[in-house]
Engineer: 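Okay, here's the structure, questions in a sec.
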Amino acid sequence: MQDRKLKAICSLHDLRHASYLTRQISFKGQACSALVFLFEGKPYSYVNHCMHMQRPLDCEQDAIFDGTGKFLRCSMHGFIFDPTTGECQSPVCLGQRLQALRLQEIDGMVFFAEKHLALLV
């Protein structure tokens, strides 16, 4: 039986065939969007919110990775983040982190596993 705290996002198959997905969520009572992507074969998710200018990472372009594919990138000012930790690598926000969202994989499906998260329709 599926844990009631898990919220289905997509299949791993769908995630493998998309550069990233966004989902509208409520996290800790705030409406926002979440980024979900694969990096080196593992799913990750962050609140889609750059700490520098309070904008979504994909607000200027339909992309979240830099040209090398090694870093998440805010399309507004080019700040880069480690995709595995969310830690900013750019000098202005060095050491600050994107808000990570816990995920769980079960039988080829990816779920949010956050207590204070609700999917919005």
Engineer: Please round to the nearest 0.5 Å and tell me the distance separating atom CZ of R97 and atom SG of C88.
Structural biologist: 11.0 Å
Engineer: With ILVMFWY side chains joined below 4.5 Å, transitively, what does I9's cluster contain besides itself?
Structural biologist: L12, L15, L21, I25, F27, V36, L38, V47, L101, L103, V110, F112, L117, L119
Engineer: State the CG-CG distance between L72 and D58, to the nearest 0.5 angstrom.
Structural biologist: 11.0 Å
Engineer: How long is the straight-line distance from CD of Q99 back to CD of E114, given to the nearest 0.5 Å?
Structural biologist: 7.0 Å
Engineer: Could you go step by step and tell me if T22 and L35 meet the side chain to side chain contact (heavy atoms under 4.5 Å, CB included) rule?
Structural biologist: CA-CA 5 Å; T22 59; L35 297 170; 3.8 Å; yes
Engineer: Give me the ring orientation class for F65 and F37: parallel if the planes are under 30° apart, tilted from 30 to 60°, perpendicular past 60°.
Structural biologist: perpendicular
Engineer: Looking at side-chain heavy atoms only, is the closest gap between R73 and Q61 below 4.5 Å?
Structural biologist: yes
Engineer: Show me the pairs that pass side-chain hydrogen bond (donor to acceptor under 3.5 Å, both in side chains) and involve residues 34-45, at least two apart or across chains.
Structural biologist: none
Engineer: For C50, is there any backbone N or O sitting under 3.5 Å from a side-chain donor or acceptor partner on R55?
Structural biologist: no
Engineer: Using every non-hydrogen atom in the two residues, find where T84 and Y46 come nearest and quote the distance to one decimal.
Structural biologist: C-OH, 3.3 Å
Engineer: Can you find a pair of side-chain heavy atoms, one from C93 and one from F81, that are under 4.5 Å apart?
Structural biologist: no
Engineer: What heavy-atom pair brings G95 and E87 nearest, and what distance separates the two atoms?
Structural biologist: CA-OE2, 3.5 Å
Engineer: Looking at every heavy atom in both Q24 and S33, which two are closest together, and how far apart are they?
Structural biologist: NE2-CB, 3.4 Å
Engineer: Answer yes or no: is there a donor N or O on one side and an acceptor on the other, between the side chain of Y20 and the main chain of I64, under 3.5 Å?
Structural biologist: no
Engineer: Hey, is the main chain of G69 close enough, under 3.5 Å, to the side chain of D66 for a donor-acceptor pair?
Structural biologist: yes
Engineer: Could you measure the distance from the CZ atom of F39 to the CZ atom of F71? Nearest 0.5 Å is fine.
Structural biologist: 8.0 Å
Engineer: To the nearest 0.5 Å, tell me how far S26 OG sits from K28 NZ.
Structural biologist: 11.5 Å
Engineer: Going from CG on D107 to OG on S11, what distance comes out if it is rounded to the nearest 0.5 angstrom?
Structural biologist: 12.5 Å
Engineer: Is Q104 close to R102 at the side-chain level, that is, under 4.5 Å between some pair of heavy atoms?
Structural biologist: no
